[in-house]
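Each chain gets a letter, A, B and so on, in the order the sequences are listed, and its residues count up from 1.
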There are 2 protein chains.
Amino acid sequence: MKVTINDVAKLAAVSIKTVSRVMNNEASVREATRDKVQAAIDELHYQPNLAARSLAGTKSYNIAFIYDNPNAYYVIDMQNGILSECKKQGYELLIHPCNSKSETICEELKKMVQHSRVAGIVMTPPFSEMPEIVKTLSALDVKIIRIVSGKESPDDLSPCVMINDKDAAKNVTQHLIDLGHKNIGFINGGMEHMSSHERLGGYKEALQSNDIEIKDNHIIAGQYSFESGVQGANELLAGKDRPTAIFACNDEIAAGALFAARLMNINIPDQLSIIGFEDSPFSRQTWPKLTTAHQPNKTIAQHAAALLIAATRHQKLSDETQSFIPELVVRDSTSRFVQ
Amino acid sequence: MKVTINDVAKLAAVSIKTVSRVMNNEASVREATRDKVQAAIDELHYQPNLAARSLAGTKSYNIAFIYDNPNAYYVIDMQNGILSECKKQGYELLIHPCNSKSETICEELKKMVQHSRVAGIVMTPPFSEMPEIVKTLSALDVKIIRIVSGKESPDDLSPCVMINDKDAAKNVTQHLIDLGHKNIGFINGGMEHMSSHERLGGYKEALQSNDIEIKDNHIIAGQYSFESGVQGANELLAGKDRPTAIFACNDEIAAGALFAARLMNINIPDQLSIIGFEDSPFSRQTWPKLTTAHQPNKTIAQHAAALLIAATRHQKLSDETQSFIPELVVRDSTSRFVQ
DNA sequence: AACGCAAATGACAACGCTGTCAATTGGTAT
DNA sequence: ATACCAATTGACAGCGTTGTCATTTGCGTT
């Protein structure tokens, strides 16, 4: 029932140490030996015991995912991405939901790291954008990888996987401009998120490079929430200088805007185009379905996990840090502006 | 930095075995000794090494959560519930998202259980409602606990935590009846889910006990999705025998119904009451906010995990299996029927 | 005070693997 | 053929805990 390294060693007629070498892809194992051992491993369906492995070795085969995000879709996607890489590489994933606003969060995380003996940590916003936390944990003997919004690493505290919200927002805005819109409202997410700054930046850049005036009254400060979308849209649509399109900072806001417009008997997309951001399943549950920017969360997370695991093995991957640009997905909430 | 059981033993002037006994809450440790050891543990902030523990012991300190559910909110709640119990009891949680429709799912899960040496498994629908899977895994040396829809255990394959959808649906329907509604439509979820059957049953019971006729044309077969809600509502509201209230089998369906009604210029709740089920965050992102039944997923999952862990320790909890009744949450999508 | 016995404690091996370092191998240069 | 050296392989200890079983302790009896 239970196959140990010993069984494999016997079958392959080598020492257990050699089997161990093969398992860990270490150098200096003769090709012929490696094949022989691999054959035995396959025949017995041998799987190393993780507990023994991490007890004996100096290395750990655990990585942790630390998050604090109310958006369940986001978390699940990230988690699944990390999980699939862990599976591939024989790592265990420890999930740590926690409260980023807690006073003792630093202490808490430190304790967790020491107790669980994790080799590395994947951090998403807001943790990834809190330098104190990154600093505290860096001091421990763990590798860290952060998923952050931006075109470049915000600092040298750890490697990062970037989501290029700015360029994506620029493209999204350009889509509206290409449809003939010149009066484009913007409903922002909370300013404690880097992504809000980046998306607003992209929006502004697009307008500028098309010589369209940036109107302050068309930029609404908001939160990443449905309610904020309703409120923001009400504000934008109430004034006399009404925009013909709205760029909502994420899909929830867009859904709220959609709803507010509907209440005002404004037909979407004929009288008003609305565009979201993220492409969460949420964006397909609205009617009309949202045009949005697809943020490949699962892929991003998987890439981050791959980098992290490589780092814990002191390997370097060729494309160290990578930047992902969410891509425009055209659905039914945007259309050509007709005077 | 790294505190081992040895350090504690030295400080407390006892053997490591005694420390181990205290850590595991074993009997036959003198009170005075226990206190002495506990003091040392506290002073050094000792935390046992999980790898060593599971390597040495016959017991495993891992439990797995197996799921296949597109509803991210549901999964996150369940996961957090299990996680919090694991934390409390010093267990690790292995997360296993997988495809219930895969041909090889049984083999896959079997492999996982054997490799990860898990002591127990928490299963949610649809896995918990697939007898073959439960049987296959029961044959292995793992405890299983299932979260299922129903008032009583569907079988003796494993202990279950029940969600009493029927009584909850009855209460929900009664709420509509109490508001004066006599024409109540029902949009069902997919019939492959036990919960759909149960909720429909509760709806029917409520009508019957109030001597209200059950009209077949008021019961729409659907799916647990937004689209299904739109379609179901269209069907219900198109006929001449139009219901004055709709019981949607979950919040997504209800949101779809809400939307369909709005398109037909039917005012909610004045002209039509709509009620959902589950109380997912989703139900607070609609407008008006949904009256629904609160399903305490996190609590349910935590309870299930507690039972499972007790079982792996060969302990029995007093309230073996428990049944949860989702409770009515009145918000803004229902109102008194006025002729 | 001595005895008996259950309760409490401890010594030690074992869990399955990896790190260290020593032993062996095979190929190359003489 | 021989010596040499790097490449390959193996022996063995040890990771931090628990299970087993032997030993000691403390308490109630006589």
Side-chain angles (χ1 to χ4, degrees), chain A residues 1-38 40-41 44-62 90-92 114-117 119 312-314, chain B residues 1-38 40-41 44-62 90-92 114-117 119 312-314:
Chain A
M1 192 88 264
K2 182 162 54 173
V3 183
T4 74
I5 199 169
N6 238 305
D7 304 323
V8 179
K10 258 179 226 156
L11 181 61
V14 296
S15 74
I16 54 170
K17 184 63 216 188
T18 300
V19 178
S20 169
R21 287 197 179 93
V22 173
M23 284 306 299
N24 290 284
N25 250 305
E26 283 173 35
S28 64
V29 176
R30 212 184 302 276
E31 198 59 37
T33 314
R34 188 181 295 277
D35 291 347
K36 198 170 55 177
V37 171
Q38 190 60 54
I41 289 172
L44 298 175
H45 298 291
Y46 167 67
Q47 304 249 217
N49 178 319
L50 293 159
R53 196 181 232 196
S54 60
L55 179 59
T58 50
K59 332 185 189 67
S60 149
Y61 293 85
N62 292 332
Y91 275 60
E92 289 291 326
Q114 288 170 342
H115 176 212
S116 309
R117 315 261 160 101
T312 65
R313 290 191 166 150
H314 308 288
Chain B
M1 192 87 263
K2 184 161 53 174
V3 182
T4 75
I5 199 170
N6 236 307
D7 305 322
V8 180
K10 257 179 228 155
L11 181 60
V14 295
S15 73
I16 56 171
K17 184 64 216 188
T18 300
V19 178
S20 170
R21 288 200 177 91
V22 172
M23 282 308 297
N24 290 284
N25 250 306
E26 283 172 37
S28 62
V29 176
R30 212 183 303 276
E31 198 59 37
T33 313
R34 188 180 296 277
D35 291 347
K36 198 170 54 175
V37 171
Q38 190 60 54
I41 290 172
L44 298 174
H45 298 291
Y46 167 67
Q47 303 250 217
N49 178 321
L50 293 159
R53 192 180 235 195
S54 60
L55 179 59
T58 51
K59 333 187 189 68
S60 150
Y61 293 85
N62 292 333
Y91 275 59
E92 288 291 325
Q114 287 170 344
H115 175 211
S116 309
R117 316 261 160 97
T312 65
R313 290 192 166 148
H314 310 286

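The stretch residues 14-23 of chain A touches DNA chain D through V14(A), S15(A), K17(A), T18(A), R21(A), each having a heavy atom under 4.0 angstrom from the strand. Listed by residue number, there are no residues of residues 4-12 of chain B with a heavy-atom contact under 4.0 Å to DNA chain C.
As rounded to whole Å, 16 Å separates atom C1' of dC17(C) from atom CD of E92(A). Here the C1' atom of nucleotide dG16(D) and the OH atom of Y46(B) are 7 Å apart, to the nearest Å. Spacing between atom CD of E31(A) and atom C1' of dT8(D) amounts to 13 Å, rounded to whole angstrom units. To the nearest angstrom, C1' of dG19(C) lies 13 Å from CG of L55(A). Computed from coordinates, the N24(A) CG to dT8(D) C1' distance equals 17 Å when rounded to whole Å. The nearest whole Å value for the distance from the CZ atom in R53(B) to the C1' atom in dC15(D) is 16 Å.
In this structure, H45(B) and V3(B) have side chains that are not in contact, with every pair of non-hydrogen atoms separated by 4.5 Å or more. At least one side-chain heavy atom of N25(B) sits less than 4.5 Å from a side-chain heavy atom of R34(B). Counting heavy atoms from C-beta outward, S20(B) and M23(B) have side chains that stay 4.5 Å or more apart. Side-chain contact between D35(A) and E31(A): present, with at least one pair of heavy atoms (C-beta onward) separated by less than 4.5 Å. No side-chain heavy atom of D7(A) sits under 4.5 Å from any side-chain heavy atom of L11(A).
None of V29(B), T33(B), V22(B) except one satisfies the side chain to side chain contact (heavy atoms under 4.5 Å, CB included) rule with V14(B); the exception is T33(B). Considering N24(B), V19(B), T18(B) as possible partners of R21(B), the one that fulfils the side chain to side chain contact (heavy atoms under 4.5 Å, CB included) test is T18(B).
Distances shorter than 4.0 Å separate some side-chain N or O of R30(A) from OP1 or OP2 on dT9(D). Distances shown here put a side-chain N or O of T33(B) below 4.0 Å from the OP1 or OP2 atom of dT9(C).
Judged by distance alone, with hydrogens and angles left aside, the side-chain atoms of S54(B) form a donor-acceptor pair with the main-chain N or O of L50(B) at under 3.5 Å.
As judged by a 4.0 angstrom heavy-atom cut-off over every strand, S54(A) is placed among residues making no nucleic acid contact. Across all strands, Y61(B) comes closer than 4.0 Å to no nucleic acid atom at all (heavy-atom distances).
L44(A) CG to I5(A) CD1: the interatomic distance, rounded to the nearest 0.5 Å, is 12.0 Å.
Residue-to-nucleotide proximity on DNA chain D shows that, of A51(B) and E26(B), the 5′-proximal contact is made by A51(B).
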